Amino acid sequence: MTSHRVQEPIQRDASSKLNVIIVGAGLGGLGAAIAILLAGHNVTVLESAPAIGEVGAGIQVLPNSARVLFSWGLREKLEPYATWPRKCNFLSWKGTHLSEMDYHAYAQGADGPFMDFHRANLHLCLLERAQELGATLVTNARVSNVEIESDSATEATVVLADGRRMTTDLVVGADGINSRLREVLLGRADPPVLTGDLAYRLLLKTDEMLKDPELRPLVEDPQVNYWVGPDAHAVNYVLRGGELFNMVLLVPDDMPEGASTIAGTVDEMRAHYSDWDPRISKLLRLCDDKADVTKWRLCIRPNLYPTWSHPSGTLTLLGDAVHATLPYLASGAGMALEDGGVLGLCLARMTDRSRTSKRKALQVYEDCRRERTEKIVARGSYNQHMYHLHDGPEQEARDERFRAFAEADRQ
Ligand code: FAD
């Protein structure tokens, strides 16, 4: 693989240096902080939580986002935490092998690796890099509003729930799927769209798996496995070089109205998969009966019209706030990181702080990102349909395509 060019921070004087406030210190917000600092601007990140951290278990980083991370100078920080899966397998819900993709071969052509991380590790690497580059981070800072006087304003004022006010040249809303800043931009409530699915996410220690000849290869030969079946699928892969095993179980949403996460039980997970490939049941038997289990409702943001940015050029959005997708392409965070990278490159080209320059930069950012991210959201929903087919002619045609894909890949 080629060595990736690492961006050097741009040096600027006050005539073109913007003060940027990023709302949200998730993967998207921290990525944007790095990219905008590299573009030579000042960055403050406001996070509503009392501490900066990441919830959830594993995360797959695909070559497109690996390239972005490496261009930000993160390669050395990330490598000790990365697992480099060798391949990805698609299996029927009963365990028949349908298809595989050689990740290492694919990575050569894509000029970037496939990597799997514990989210906390990826998040911490981004946080450290943002801090090295000079980001100011403020926790316990829930943004309740952004005031922009008119379409010709050159500044916006961020209002926090505790009454603090901060005036700045540009606000970037990276506040996730339930984005408050999206509502501010639209001037109305805009709840995310239900998908009908929910996810169970869990981590297993691999010691017991290694004692079982059927489960051992899942640890020793790092791979991503997708079991696809009626109304559900299951995904798993190892993390931290084999120390942990990440499982995500996707099933029909049975959560009460209005909830985004609720507690579940190990028994209900086992019940969902009781007649699937026995390896899944074996894995679920390794879970502690009383383990804390969370169910995550899966929602999407298919589009945002008419624009991602305020006409004044003082407010824009990125990541899940704009285009949250089903995780069925493992690309939501990847899209948020790409957004940050592109936004940084657009702001890097600014030679003054004028409204015209900001508006132009934000327009180019949106033009570069809209089509790609809308396609990813649509593809995630397509995969929901394809992965969850019941046995029958459509499922057989899908499996044929899986097999043909693997065959074409081998040639
Ligand atoms: P978030 O991570 O939601 O961050 C938003 C931040 O803003 C949070 O820290 C929040 O506290 C803060 N915030 C919210 N409101 C305010 C406010 N008003 N004021 C201040 N701060 C605020 N993606 C991948 O690329 N690969 C995968 O393998 C993958 N797997 C997934 C598996 C599952 C089960 C799920 C559900 C998602 C998966 N994703 C994956 C998607 C990925 O997790 C998201 O797309 C990504 O985390 C979005 O990042 P974000 O920074 O836009 O939003």
Side-chain angles (χ1 to χ4, degrees), residues 21-33 44-66 68-69 85 88 114-119 122-123 126-127 137-146 158-162 164 171-184 192 195 197-202 224 226 233-237 239 246-251 260-261 294-301 317-340 373 376-377 380:
I21 289 184
I22 297 175
V23 180
L27 297 171
L30 291 179
T44 300
V45 184
L46 304 179
E47 167 57 48
S48 55
I52 294 187
E54 174 70 16
V55 287
I59 187 153
Q60 301 181 60
V61 169
L62 311 188
N64 55 308
S65 25
V68 175
L69 292 166
C88 164
F114 288 83
M115 297 183 288
D116 295 335
F117 290 99
H118 192 295
R119 277 175 185 258
L122 173 59
H123 192 263
L126 286 163
L127 177 62
L137 295 141
V138 187
T139 51
N140 284 313
R142 173 169 295 282
V143 173
S144 58
N145 199 10
V146 179
V158 173
V159 183
L160 302 190
D162 60 13
R164 278 176 286 172
V171 183
V172 179
D175 50 344
I177 189 162
N178 295 306
S179 171
R180 169 68 190 129
L181 271 68
R182 181 180 174 116
E183 292 182 343
V184 170
T195 62
D197 284 357
L198 67 82
Y200 293 94
R201 303 156 95 173
L202 56 140
V224 180
Y226 286 80
H233 72 285
V235 184
N236 61 44
Y237 47 90
L239 300 177
N246 184 63
M247 288 184 75
V248 188
L249 307 174
L250 300 308
V251 301
S260 50
T261 58
T294 305
K295 295 156 80 156
W296 305 68
R297 171 166 270 152
L298 297 179
C299 296
I300 56 170
R301 295 282 195 183
L317 302 177
L318 63 71
D320 275 11
V322 197
H323 46 65
T325 173
L326 273 167
Y328 301 173
L329 273 180
S331 287
M335 288 303 105
L337 295 169
E338 281 188 1
D339 285 350
T373 51
I376 295 282
V377 179

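Since the model is a prediction, treat every value here as computed from it, not as a measurement. Along the sequence shown, residues are numbered consecutively beginning with 1. Atoms within a ligand are numbered from 1 in the order they appear, just like the ligands themselves.
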Short N/O distance, under 3.5 Å, between [X] and ligand 1?
X: L298; value: no
X: G28; value: yes
X: V248; value: no
X: D320; value: yes
X: A333; value: yes
X: G334; value: yes

Against heavy atoms of [X], which atoms of ligand 1 measure under 4.0 Å?
X: L46; answer: 20 (C), 21 (N)
X: A141; answer: 19 (N), 20 (C)
X: G319; answer: 52 (O)

Whether A49 lies under 4.0 Å from ligand 1, heavy atom:
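A49 does not count as a contact of ligand 1 under the 4.0 Å cut-off.
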Are V61 and ligand 1 in contact, using a heavy-atom cut-off of under 4.0 Å?
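No, V61 has no heavy atoms under 4.0 Å from ligand 1.
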For [X] versus [Y], what's the shortest heavy-atom pair and its separation?
X: L126; Y: L27; answer: CD1-CD2, 3.7 Å
X: G319; Y: A336; answer: CA-CB, 3.7 Å
X: A49; Y: T139; answer: O-CB, 3.4 Å
X: I300; Y: L326; answer: CG2-N, 3.4 Å

Best match, [options]: closest heavy atom to [atom]:
atom: atom 28 (O) of ligand 1; options: Q60, E47, R180, R297; answer: Q60
atom: atom 53 (O) of ligand 1; options: G176, G24, P327; answer: G176
atom: atom 31 (C) of ligand 1; options: M335, R119, E183; answer: R119

Please write down residue, atom name and distance for the protein heavy atom closest to [atom].
atom: atom 34 (C) of ligand 1; result: R201 NE, 3.4 Å
atom: atom 5 (C) of ligand 1; result: A174 O, 3.4 Å
atom: atom 22 (C) of ligand 1; result: S48 OG, 3.4 Å
atom: atom 18 (N) of ligand 1; result: V143 O, 3.0 Å
atom: atom 4 (O) of ligand 1; result: G26 CA, 3.6 Å
atom: atom 15 (N) of ligand 1; result: D175 CB, 3.5 Å

Rounded at 0.5 Å granularity, tell me how far [atom1] in [X] sits from [atom2] in [Y].
X: N246; Y: L239; atom1: CG; atom2: CG; value: 5.0 Å
X: L317; Y: D175; atom1: CG; atom2: CG; value: 7.0 Å
X: L337; Y: L30; atom1: CG; atom2: CG; value: 9.5 Å

Side chain, backbone, both or neither: which applies to V23 and ligand 1 if a contact is any heavy-atom pair less than 4.0 Å apart?
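Only the side chain of V23 comes within reach of ligand 1.
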Qualifying residue, where the test is side-chain contact (heavy atoms from CB on, under 4.5 Å) with L46 and the options are N140, V171, V138:
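Exactly one option meets the side-chain contact (heavy atoms from CB on, under 4.5 Å) with L46, and it is V138.
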Donor-acceptor pair, distance only, cut-off 3.5 Å: does the side chain of R182 make one with the backbone of V322?
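Side chain of R182 to backbone of V322, a donor-acceptor pair under 3.5 Å: yes, one is there.
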For the backbone of I177 and the side chain of R301, can you confirm whether one donor and one acceptor N or O come within less than 3.5 Å of each other?
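Yes: the side chain of R301 pairs with the backbone of I177.
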The criterion is ring-ring contact (aromatic ring centres under 6.0 Å, His included); which residues satisfy it with F114, sequence neighbours excluded?
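F114 satisfies ring-ring contact (aromatic ring centres under 6.0 Å, His included) with Y103, Y106 once adjacent residues are dropped.
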Look at the aromatic rings of Y328 and H233 and report parallel, tilted or perpendicular, splitting at 30° and 60°.
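Y328 and H233: perpendicular rings.
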Those residues that, when tested against V68, pass side chain to side chain contact (heavy atoms under 4.5 Å, CB included) (two or more places apart):
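Counting only residues at least two positions away or on another chain, V68 forms a side chain to side chain contact (heavy atoms under 4.5 Å, CB included) with W72, E338.
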